[in-house]
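It should be emphasised that the depicted structure is a prediction, and the values quoted were computed from it without experimental measurement. Residue numbers start from 1 in every chain, and the chains themselves are labelled A, B, ... in the order their sequence lines are given, proteins ahead of strands. Below, all heavy atoms of this structure are taken into account, side chains as well, without hydrogens, waters or symmetry copies.
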Amino acid sequence: MNTQPAAGHNGDVAVDIANVAKNYGAVVAVKQVSLPIRRGEFLTLLGPSGCGKTTLLNMIAGFEAPTAGTVSIDGRDVTNVPPHLRDTGMVFQNYALFPHMNVFDNVAFGLRMRKVEKQKIAHDVEAALDMVKLSGMGGRRVKQLSGGQQQRVALARAIVFGPSVLLLDEPLSALDKNLRTQMQFELKDLHRKTGLTTVFVTHDQGEALSMSDRIVVMSKGEIQQISKPLELYSRPVNSFVASFIGEINQLPVARLKRSGKAVAFAFQDGLALDAGNDGAALPEDDADVSIFVRPESIAIADASGRAGNVVNAKVVSHIYQGTHTVTRIEAAGLGLLDMRVGGGQIIDQKPAGSAIDVHVSLDNAVVLKAVPETK
Amino acid sequence: MNDRRIWWFFIVPCMLVALAVVMSLAAVFQYSFREFIPGSLDTGGFTLENFYNIGRPLYFLVILDTLLISLLTAIFCLLLSYPVAYALVRTEAEWLRALLVILSITPLFTGEIVRTYAWMLVLGSDGFVNSILMALGIVSAPVQFMYTKFGVIVALVHFSMPVMIILLATAISHVNRDYEKAAANLGAAPLVVFWRVTVPLTMPGIVASTVVIFAWTMSAFATPQLIGGGKVLMISNLVYLQGLSSFNFPVAAVLSAVAFIAAVGSLALVQPFVTRLERRVAQQ
Ligand SMILES: Nc1ncnc2c1ncn2[C@@H]1O[C@H](COP(=O)(O)OP(=O)(O)OP(=O)(O)O)[C@@H](O)[C@H]1O
Ligand SMILES: [Mg+2]
């Protein structure tokens with residue numbers, strides 16, 4: 001389901017994962033993954049817990065050997081090369097800073113292993129610490145640092161020797177929310193400055209959307225979609241991706257009806273909604289479709305001032321979120337839906353239980369051919 | 001308040017045992033201040049002479065030998081046990097782990113005498129090792145292992161290894177694998193990872209277990225008695241000779257006190273150092 005053309009074996013592929021699989025006994029951790037990673041890109045592996053992100057990263061770093069397939073770095077097949085000869089820089093989830101060394105020695109470790117001359121080590125370490133805003137902190141003991149500072153040291157240690165690829169396994173998950181947002185900016189900044197090919201692992205879709213050049217969505221050891229963030233959000237290729245990326249409502253299965261240029265969806269109990277676009281990208285006439293609608297595409301009818309696609313509903317509950325409110329409604333023929341309303345006035349205007357007419361815009365809806373349930 | 005009472009069930013027996021130990025030690029040590037009356041089981045009045053006496057070469061050399069044998073035993077025991085403990089903790093092969101556990105831990109369940117006899121069979125003039133050496137033509141006459149310090153140390157090292165392996169395995173298992181992975185990722189070959197990361201992070205365990213084995217070996221008796229055969233004397237053998245052959249209880253008591261102080265002292269001296277090391281390598 002790779003939506004991007006596979007990059008060829010010219011110089012623009014930094015890491016090439018080809019038909020890689022990994023089994024632990026009967027457990028299939030990664031199933032047949034092919035993923036060319038472009039030089040200099042910020043690529044994110046996104047997926048729920050246990051989908052094989054760490055396993056894939058470990059196979060790039062060399063900590064796990066694939067059961068099948070090959071891994072190449074800079075055009076060299078490294079499938080059977082041990083980790084210390086792979087030239088990857090990894091930041092571990094727990095940072096794994098050496099507790100018996102100070103900040104300088106931690107950052108210098110990779111350079112010393114590469115037999116870099118002493119003066120250059122001192123210079124490069126300071127430059128790397130500078131890059132992560134820890135100038136002059138080389139003498140500190142690791143334990144004297146805050147979580148955010150340890151994170152930066154781990155980053156400096158991984159980038160100081162200019163690795164072929166920077167591997168980040170959920171590096172921000174141990175930080176509190178404010179610090180995490182700040183580190184997201186700094187990571188992007190660092191990526192811009194260094195131009196390092198970066199593979200970032202997360203199960204946080206917001207993090208993935210905000211930082212990545214490309215996102216690889218994985219589920220159960222398989223790649224579901226590879227896309228740019230915007231495309232992933234607006235054009236998910238299957239129901240897994242649609243429901244995993246951002247909040248989304250899945251409407252009951254409907255039948256697609258074309259009449260001329262207009263397209264409508266007929267739901268089982270007689271309700272019909274207009275597709276809102278010319279339907280060029282939609283499935284054929286009479287197909288059963290699953291429709292996914294973002295909460296921001298549902299609005300209070302009288303406020304939207306638009307005709308058509310108005311559905312009667314009843315308010316179930318509100319969740320106030322500061323800038324907006326997520327209101328759960330029970331819509332006739334559509335079931336439970338979440339809608340997103342600006343501000344918080346709706347909480348007093350339409351308390352739980354009150355009737356409400358909503359406008360369901362399908363302009364940006366994701367329409368996929370319904371797959372018969374197999375489970 | 002009531003649930004505090006349960007502590008007495010644990011504290012009272014502990015106190016009783018501790019009291020018994022202290023009293024018997026006191027009973028032994030009081031002899032060290034008594035005058036030796038040759039040919040009599042009784043001792044005389046108060047004297048400090050016994051403490052000067054152990055400065056005599058006969059005693060002093062045995063004390064030095066004991067320290068040397070204990071030190072060498074502890075060091076060789078460390079060198080041999082660390083790889084076993086490392087493999088035990090880090091191997092991914094379950095069968096290897098099981099094999100190592102069985103091989104290294106089961107000797108704990110055979111007594112010291114049994115194991116020492118086994119070593120006599122191995123080290124004797126027509127023992128296992130000499131038979132092989134002669135059969136291979138490496139030596140023409142049996143090598144003397146029995147009644148040598150070398151033989152005693154070999155047997156003592158083997159005797160202490162199970163305990164050492166358990167102590168070291170505990171220390172190694174507390175090292176998060178991610179440190180080793182991180183070092184490998186940064187370009188360190190497996191041996192470099194071992195020296196630069198694993199060994200430093202287990203240093204508190206290394207020091208502590210070496211001192212424990214050192215102190216433990218200080219009190220070895222059956223092994224030097226049987227394998228040393230009177231030619232290699234450690235303090236406890238001398239205590240036995242002085243106390244139960246010559247009935248010189250005062251000197252035996254002084255020697256016991258020396259061994260006791262050396263053992264407890266070495267543990268006490270090293271403890272602050274181990275604590276510092278532990279703080280240094282504490283993993284967050
Ligand atoms: N050493 C192992 N032995 C057996 N199974 C393993 C091993 N490592 C991983 N697995 C299994 O492989 C699957 C993928 O694991 P992996 O750690 O790659 O997931 P992940 O996507 O990184 O999840 P998370 O977000 O929780 O870190 C899981 O089902 C996991 O249980
Ligand atoms: Mg993981």
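Between chain B and the residues A:P83, A:P82, A:G110, A:A96, the largest count of heavy-atom pairs under 4.5 Å involves A:A96.
In terms of modelled atom types and a separation under 3.5 Å, the side chain of A:R114 and the main chain of B:L186 share a donor-acceptor contact.
Residue A:K120 qualifies as open at atom NZ: its count of foreign heavy atoms under 6.0 Å is 12 or below. Around the OH atom of A:Y24, the shell of radius 6.0 Å holds more than 12 heavy atoms that belong to other residues, nucleotides or ligands. Other residues, nucleotides and ligands contribute over 12 non-hydrogen atoms within 6.0 Å of the CZ atom of A:F104. Heavy atoms from other residues, nucleotides or ligands lying under 6.0 Å from CZ of B:F221 number more than 12. Surrounding NZ of A:K188 are more than 12 heavy atoms belonging to other residues, nucleotides or ligands, all under 6.0 Å away. Within a 6.0 Å radius of CZ in B:F194, other residues, nucleotides and ligands contribute more than 12 heavy atoms.
Side-chain contact between B:N185 and A:F109 is absent, with no heavy-atom pair separated by less than 4.5 Å. A:N58 is listed as a side-chain neighbour of B:K181, based on a closest heavy-atom distance under 4.5 Å. Looking at A:H84 and B:P190, their side chains come closer than 4.5 Å, going by heavy atoms from C-beta outward. At least one side-chain heavy atom of A:M113 sits under 4.5 Å from a side-chain heavy atom of B:R196.
Closest heavy-atom contact between A:K143 and B:V281: NZ-N, 4.2 Å. When all heavy atoms are compared, the tightest approach of B:Y179 to A:F98 is O-CE2, 3.3 Å.
Below 4.5 Å, heavy atoms of chain A meet heavy atoms from B:P200, B:L201, all part of residues 198-207 of chain B.
Both the backbone and the side chain of A:R157 come within contact range of chain B, each with at least one heavy atom under 4.5 Å from a heavy atom of that chain. At a 4.5 Å heavy-atom cutoff, the contact between B:V197 and chain A is made by backbone and side-chain atoms alike.
Note that the CZ atom of A:F92 and the CZ atom of B:R177 stand 11.5 Å from one another [nearest 0.5 Å].
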